[in-house]
Amino acid sequence: GVGEGMMFPEGGVMGERNPTKPGTTLDEIRKRAEDKLQSDVPEVDVHNMTLDDYRQVVQELQTHHIELLLQNEELQIAQLQLAQAHDRYADLYDNAPVGYVTLDERGVILGVNLRLAQMLGKRKEDLLGRKLSDIVAPDDQETYFIDLRKLVTRRDRRELELQLLGADDQRLWARIDWFHFSDYNGEPEQIRATVTDITKDKALHARMALADRLSSVGMLAAGVAHEINNPLTYILFNLESLARDLPILARELESLEEVQDPSTPAAPFTPSVNVGDMLEKSRVALDGTQRIRDITKNLKMFSHVDQSR
């Protein structure tokens, strides 16, 4: 007959039923096409058709069939390209240098990439459906909830740094950059966030801060040494002078007692060393000692203030 043997894309012969089981997608599509043909296409009186009419119908059917084949081929190519683009996107999403997470407004995790799961030492499946607050360190819970409330209320973009709990409750520092998102398609509003591991940055910052403190302590120690060295120098000089003059004065006083006749009036005693100078040296040495005491006292107070920060 006319058109006998014409094949459709799925291998069925025109005029035959599709060999697939009822209820499949192809059966449903064919049923819809038949219903549309009966309802929309006016009935043709085939008894009055000429041979040329039949030839024209066959030619149109063949042309339409070829068009369907070409469209099907283009659809398959487009579907393949779409699948490849999806795979590329999924690979970029999962293996990005930062973590990606999607939350609802309560902070429940709706989506997460592989990178964030690896950062936390967990599986993606174990994170989905949990609240992000479950993996926030107790010390930073208040910071997290305050920022989440502001984000939901103000609908702006925010950034915060806090500690997350990884495998075995091991802590890592993270920078969260999140924003409120709505696709305007009736879907619930969401929060999308990037999570960057800044643990190494924090450790480096701590080492640099320690180096700065050590440098400051070194400069402080040099200044203290200079401040102490000055009074210590004249303390030592004066004490050495006193150590030299006091024995001389003591011997002269002993000799005076030995030769002194109790029955005769005492002659004026003139020591060979300057007693007034000795007293001045002792006063200066005492002042220097007190100055060193004040320096060490202030240094101790500075140490206590620095430790309390």
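Note that the numbering runs from 1 along the sequence shown for the chain.
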Discussion item. The test is salt bridge (charged side-chain N to carboxylate O under 4.0 Å, His left out); show your working for Arg291 and Asp287 and say whether it passes.
Written reply: CA-CA 6 Å; Arg291 183 177 176 185; Asp287 290 344; over 6 Å; no
Discussion item. side-chain contact (heavy atoms from CB on, under 4.5 Å) for Val101 and Ile109? Distances and angles first, verdict last.
Written reply: CA-CA 7 Å; Val101 61; Ile109 299 175; 3.9 Å; yes
Discussion item. Test side-chain contact (heavy atoms from CB on, under 4.5 Å) on Gln76 and Leu80; report intermediate values, then the result.
Written reply: CA-CA 6 Å; Gln76 290 179 347; Leu80 177 61; over 6 Å; no
Worksheet item: What do the steps show when you test Leu127 against Arg123 for side-chain contact (heavy atoms from CB on, under 4.5 Å), and what is the final call?
Response: CA-CA 7 Å; Leu127 294 173; Arg123 298 187 309 166; over 6 Å; no
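Note that CG of Leu151 and CD1 of Ile146 are 13.5 Å apart. Values are rounded to the nearest 0.5 Å. Atom NZ of residue Lys202 and atom CD of residue Gln163 lie 8.5 Å apart, to the nearest 0.5 angstrom. Here Arg155 contributes atom CZ and Ile191 contributes atom CD1; the two are 8.5 Å apart, rounded to the nearest 0.5 Å. Separating the CG atom in Leu61 from the NE2 atom in His65 is a distance of 10.0 Å, to the nearest 0.5 Å. Between Arg149 atom CZ and Arg154 atom CZ the span is 11.0 Å, to the nearest 0.5 Å. Taking CZ of Arg175 as the reference point, atom CD1 of Ile198 lies at 4.5 Å (rounded to 0.5 Å).
Side chain of Asp104 to backbone of Arg106: a donor-acceptor contact under 3.5 angstrom is found. Proximity of a side-chain donor or acceptor of Asn95 to a complementary backbone N or O of Asp91 within less than 3.5 Å is detected. Gln141 places a side-chain N or O within donor-acceptor distance of the main-chain N or O of Val136, the cut-off being under 3.5 Å. Between the side chain of Asp53 and the backbone N or O of Thr50, at least one donor-acceptor pair lies under 3.5 Å. Proximity of a side-chain donor or acceptor of Asp140 to a complementary backbone N or O of Thr143 within less than 3.5 Å is not detected.
Note on Leu75 and Leu69: separate hydrophobic clusters, where clusters join Ile, Leu, Val, Met, Phe, Trp and Tyr whose side-chain heavy atoms are under 4.5 Å apart, directly or indirectly. Phe179 and Val108 are assigned to two separate hydrophobic clusters, defined by single-linkage of ILVMFWY side chains at heavy-atom distances under 4.5 Å. The cluster map of Ile, Leu, Val, Met, Phe, Trp and Tyr, joined by side-chain heavy atoms under 4.5 Å apart, puts Leu148 and Leu160 in the same cluster. A chain of hydrophobic side-chain contacts below 4.5 Å, direct or via other Ile, Leu, Val, Met, Phe, Trp or Tyr residues, connects Leu132 to Val152. Grouping the Ile, Leu, Val, Met, Phe, Trp and Tyr side chains by contacts below 4.5 angstrom, directly or via other members, places Met119 with Leu162.
Side-chain atoms of Glu105 and His180 include a donor-acceptor pair closer than 3.5 Å.
Within a 6.0 Å radius of CD in Glu60, more than 12 heavy atoms belonging to other residues, nucleotides or ligands are found. Gln59 CD: 12 or fewer foreign heavy atoms inside a 6.0 Å radius. When the shell of 6.0 Å around CD of Gln290 is examined, it contains more than 12 heavy atoms from other residues, nucleotides or ligands.
Under the side-chain contact (heavy atoms from CB on, under 4.5 Å) criterion, Asn113 pairs with Tyr93, Asp94, Ala96, Tyr100, Arg115, Leu116, not counting sequence neighbours. Scored by the side chain to side chain donor-acceptor pair (under 3.5 Å) test, Thr199 finds Asp197 as partners (sequence neighbours excluded). Asp139 is linked by a salt bridge (charged side-chain N to carboxylate O under 4.0 Å, His left out) to Arg171, counting only residues two or more places apart in sequence or in another chain.
Residues Gln56 and Asp52 fail the side-chain proximity criterion, which asks for heavy atoms closer than 4.5 Å. Residues Ile135 and Leu120 are in side-chain contact: their nearest non-hydrogen atoms beyond the backbone lie under 4.5 Å apart. The shortest distance between side-chain heavy atoms of Glu280 and Arg283 falls below 4.5 Å. Looking at heavy atoms from C-beta onward, Glu73 lies in side-chain contact with Leu70 at the 4.5 angstrom threshold.
Closest approach of Phe181 and Arg192 over heavy atoms only: CE2-NH2, 3.2 Å. Annotation for Val195 and Ala174: closest pair CG1-CB, 3.8 Å, computed over non-hydrogen atoms. The two residues Gly121 and Ala167 have their closest heavy-atom pair at O-CB, 3.9 Å. Leu165 approaches Pro138 most closely through the heavy-atom pair CD1-CD, 4.4 Å. Between Asp156 and Lys150, the closest heavy-atom pair is OD1-O, 4.2 Å. Scanning both residues, Tyr144 and Gly107, for their nearest heavy atoms gives OH-CA, 3.9 Å.
Exactly one residue among Leu103, Thr194, Thr102 makes a side-chain contact (heavy atoms from CB on, under 4.5 Å) with Trp178. That residue is Leu103.
By the 4.0 Å N-to-carboxylate-O rule, Lys131 lies too far from Asp134 to be salt-bridged with it.
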